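Contents: one structure, followed by commentary.
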Amino acid sequence: MTDATFDIRMQVMWNRLISVVEEQAMTLLRTAFSTSVREAGDLSAGVFDPQGRMLAQAVTGTPGHVNTMAEAVGHFIAEIGRGNMFPGDTYVTNDPWKGTGHLHDITMVSPSFKGDRLVGFFACTAHVVDVGGRGFGADGKSVYEEGIQIPIMKFAERGAVNDTLIRLLRANVREPDQVVGDFYSLAACNDVGHRRLIAMMEETGLDRLDALGEFIFTRTRAAMAERIAALPRGRWENVLLTDGYDAPVKLACTAEIGDGVVNVDFTGSDPVNAKGINVPVIYTKAYASYALKCVVAPDIPNNWASLQAFTISSPENILNAPRPAPVSVRHVIGHLVPDLVLGALAQALPGKVLAEGAAALWNIHMSVRPVAGQAGRRAEILMFNSGGMGARPGLDGLSATAFPSGVMTMPIEATEQTGPVVIWRKELRPDSGGDGQFRGGLGQIIEIEPAPGHEFDFSAMFDRVGHPARGRDGGQPGAPGGVALDDGTQLKPKGWQHVPAGRRLVLHLPGGGGFGDPADRDPKARANDLSKGYVTK
């Protein structure tokens, strides 16, 4: 076989591998019980070589799930041990420090055997609606209050499900059928990936993935080295203030571009917080690497070799919180990490980095119940919402778009079907995008009311209320967010709070920052904004 023929064959196999993991992810989307997975795509799926190195990931999924999963598989291999792995096994954990950063995310890993030979692993993650404890919120004082903890263990051995684990889950969560259903969905996701991989290998005559893995990693490594070599050398710093819980929190980073590697260090960030907004470093790494890749090599596949080009370091602080720090809403601070890192890179690459955006999802977890003495039903409802992205060099920011998480919008109908709530309003928020040569993306206005005869408590997990997204290169900041009842009562951006029967919760989601001098905006673009109601003045 000539070199050219070999390269073509390996490229075809690489594409086939991506189709395998896409089908793996689609299985999870189609079978998941939680709306956050089924409707929003809050998940990841990927295939790994026998050493636990990620070969390919599904396009569907969030960077926080994908890049933590890429590291987590190594923890599974170390703790389970090769001698304890058998065909039909599936392993599970929600350990925040060895999984994806908080207890609500379940990670499952399954070995893939071809005959008696271990040829790889499949892994997937998903956010489940409830894990017990205080519920999805920032009010806990330690991880022990935040829900059931599942160490790395076997969900199934040789195809037999661990009934003791299932019984423990049912006894510890508020929505046992939904949670257990999601566990089986995750296991099915890996099983489909395994079956498709073995079918591919039998069709093409492959006994192992070693040559394909070497092809993928060698070319990825060379492409990453070429991109990094084209960057300027140096160190750049950035600081970003966030709302925090009771007081603002400072995030700080230094980005250093060297020979063949880019390092980001988070020295200078505030200490570990008393509330559940802390971030395990595995999640910080995931979003810092994502930010770097968006700038350095957005078109190069994301795998073990591409992630090796980035190194992340941090002393113990809010972005490297050790066990048993509370970490339930780690995504709020974690989703701001890309804006922090991109702010440093913007100094190295002026005019090429987008402005700050809303960043953190405006997730809301509602615990709905009938008013005392009235008939009704209880439900746990998780709803994902997005503010505006920052304006880009040459383009306006995207409105109501989840960057950096990339999750999809959850349809109102799906949310209302989950429990007794009515969503009266969900529309773009005029004047929320920062002005500039290119306008920031718009946030949203959302109004939610408990159904007649019901009330709900909700967990606020919001940011950019006191510290709006900053513009870039002369662009104006986006509008800050706001949380209130429809009678004008102001609510906090974080923590569990109450919405009584007959009242509506009103959310004003933040907008993205503008890019460039507003004086340079095209008059036609301004006229278009006015005609569509994006701006009112």
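Note that the structure is a prediction, hence the values are computed from the model and not measured.
- Inspection of the T220 and S306 side chains reveals no N or O donor paired with an N or O acceptor under 3.5 Å.
- Counted by atom type alone, D182 and Y184 present zero donor-acceptor pairs between their side chains at under 3.5 Å.
- Looking at every heavy atom in both residues, G419 comes nearest to A379 through CA-CB, 3.8 Å.
- Between M54 and M69, some side-chain heavy-atom pair lies under the 4.5 Å cut-off.
- Here the straight-line distance linking atom CG of L240 with atom CG of L251 works out to 6.0 Å at 0.5 Å rounding.
- S44 is not listed as a side-chain neighbour of Q57, based on a closest heavy-atom distance of 4.5 Å or more.
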List the atom pairs, donor and acceptor, that lie under 3.5 Å between side-chain atoms in residues 397-405 and the rest of the protein, sequence neighbours left out.
from	atom 1	to	atom 2	distance (Å)
S399	OG	L442	N	2.9
T401	OG1	S399	O	2.8

Q: Dump the intermediate steps for side-chain contact (heavy atoms from CB on, under 4.5 Å) on I300 and M224, then the final yes or no.
A: CA-CA 8 Å; I300 294 175; M224 291 297 295; 3.8 Å; yes
(Q) Go through it in stages, so that I can follow the logic: the residues are E427 and Q444, the test is side-chain contact (heavy atoms from CB on, under 4.5 Å), and I'd like the CA-CA distance, side-chain angles, deciding distance and then a yes or no. (A) CA-CA 5 Å; E427 62 186 38; Q444 301 181 66; over 6 Å; no
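- For Q51, the CD atom is densely surrounded, since the number of other residues' heavy atoms within 6.0 Å is greater than 12.
- For the pair F48/S112, no side-chain contact is recorded, criterion being any heavy-atom separation below 4.5 Å from C-beta on.
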Q: Before giving the answer on side-chain contact (heavy atoms from CB on, under 4.5 Å), spell out for K114 and E202 the whole-Å C-alpha distance, their side-chain angles and the decisive distance to 0.1 Å.
A: CA-CA 9 Å; K114 189 174 187 292; E202 290 177 346; 4.0 Å; yes
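- Considering V128, D95, T93, V131 in turn, V131 is the only one that fulfils the side-chain contact (heavy atoms from CB on, under 4.5 Å) rule with L103.
- There is a side-chain donor-acceptor pair under 3.5 Å between S313 and D265.
- For the pair P468/P510, no side-chain contact is recorded, criterion being any heavy-atom separation below 4.5 Å from C-beta on.
- Side chains of E39 and T35: a donor-acceptor N/O pair is absent below 3.5 angstrom, by distance only.
- Minimum interatomic distance between L307 and A70 (heavy atoms only, all atoms of both residues): CD1-CB, 3.9 Å.
- Y283 carries R330 over the face of its six-membered ring, with the cationic atom under 6.0 Å from the centre and within 45° of the normal.
- Among all heavy-atom pairs drawn from N84 and Y91, the shortest one is O-OH, 4.1 Å.
- With E356 contributing its side chain and G512 its backbone, the two residues share no donor-acceptor pair below 3.5 Å.
- In terms of the side chain to side chain donor-acceptor pair (under 3.5 Å) criterion, residue partners of D49 (sequence neighbours excluded) are, by chain and number, R53.
- The distance from atom CE of M10 to atom CE of M13, rounded to the nearest 0.5 Å, is 7.0 Å.
- Listed for the R429 side chain is a donor-acceptor partner under 3.5 Å among the backbone atoms of L509.
- When only modelled atom types and interatomic distance are considered, N67 and N302 share a side-chain donor-acceptor pair under 3.5 Å.
- For the atom pair F122 CZ and R196 CZ, the distance stands at 10.5 Å (nearest 0.5 Å).
- Note: R82 CZ to I80 CD1 = 12.5 Å, rounded to the nearest 0.5 Å.
- Looking at K293 and D299, no side-chain N of the basic residue comes within less than 4.0 Å of a carboxylate O on the acidic one, giving no salt bridge.
- Side-chain N/O atoms of D105 and T125 include no donor and acceptor closer than 3.5 Å.
- With hydrogens and angles ignored, the 3.5 Å screen pairs no side-chain donor or acceptor of N385 with any backbone N or O of N363.
- Under the 3.5 Å distance criterion, the side-chain polar atoms of E175 are matched with a main-chain donor or acceptor of E380.
- A salt bridge links D130 to R174: at least one charged side-chain nitrogen sits closer than 4.0 Å to a carboxylate oxygen.
- Note that K494 lies outside the cation-pi zone of Y245, set by a 6.0 Å cut-off to the ring centre and a 45° limit from the axis.
- Each of T90, I150, V161 was checked for a side-chain contact (heavy atoms from CB on, under 4.5 Å) with F183, and the lone residue meeting it is I150.
- Of the possible donor and acceptor atoms, one in the side chain of Q24 sits under 3.5 Å from a partner among the backbone N and O of A123.
- Minimum interatomic distance between E157 and F86 (heavy atoms only, all atoms of both residues): OE2-CE1, 4.0 Å.
- In terms of heavy atoms, V129 sits closest to H365 at O-CE1, 3.2 Å.
- Under a 3.5 Å cut-off, the side chain of R219 and the backbone N or O of A223 do not form any donor-acceptor pair.
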Q | Steps toward side-chain contact (heavy atoms from CB on, under 4.5 Å) verdict (H467, T242) | A | CA-CA 6 Å; H467 299 82; T242 79; 5.8 Å; no
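- No side-chain donor-acceptor contact under 3.5 Å links T68 and T100.
- In this structure, CG in L319 is found 9.0 Å from CG in N278, a value given to the nearest 0.5 Å.
- Between H102 and H127, the ring center distance clears the sub-6.0 Å criterion.
- Separating the NZ atom in K285 from the CG atom in N320 is a distance of 8.5 Å, to the nearest 0.5 Å.
- When atom types are taken as modelled, the side chain of D191 and the backbone of A187 share no donor-acceptor pair closer than 3.5 angstrom.
- Taking the side chain as every heavy atom from C-beta outward, D339 and R464 approach each other to under 4.5 Å.
- Proximity of a side-chain donor or acceptor of S386 to a complementary backbone N or O of L361 within less than 3.5 Å is not detected.
- With a 4.5 Å cut-off on side-chain heavy atoms, L55 and W304 do not count as touching.
- Remark: the backbone N or O of G140 is not paired with any side-chain donor or acceptor of E146 at under 3.5 angstrom.
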Q: Decide salt bridge (Lys or Arg N to Asp or Glu O under 4.0 Å) for E203 and R16; before the verdict, give the C-alpha distance in whole Å, the side-chain angles of both, and the deciding distance to 0.1 Å.
A: CA-CA 11 Å; E203 178 186 334; R16 284 287 299 272; 3.3 Å; yes
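- Nearest heavy atom pair, residue K154 against residue N162, reads O-ND2, 3.3 Å.
- For H104 and F136, the gap between ring centers is short of 6.0 Å.
- Within the 3.5 Å criterion, the main-chain N or O of D243 finds a donor-acceptor partner in the side chain of D463.
- Annotation: side chain of Y290 is not in contact with side chain of V337 (no heavy-atom distance under 4.5 Å).
- Side-chain contact between W14 and F215 is present, with at least one heavy-atom pair separated by less than 4.5 Å.
- Annotation for R195: atom CZ counts as buried by contact number, over 12 foreign heavy atoms lying within 6.0 Å.
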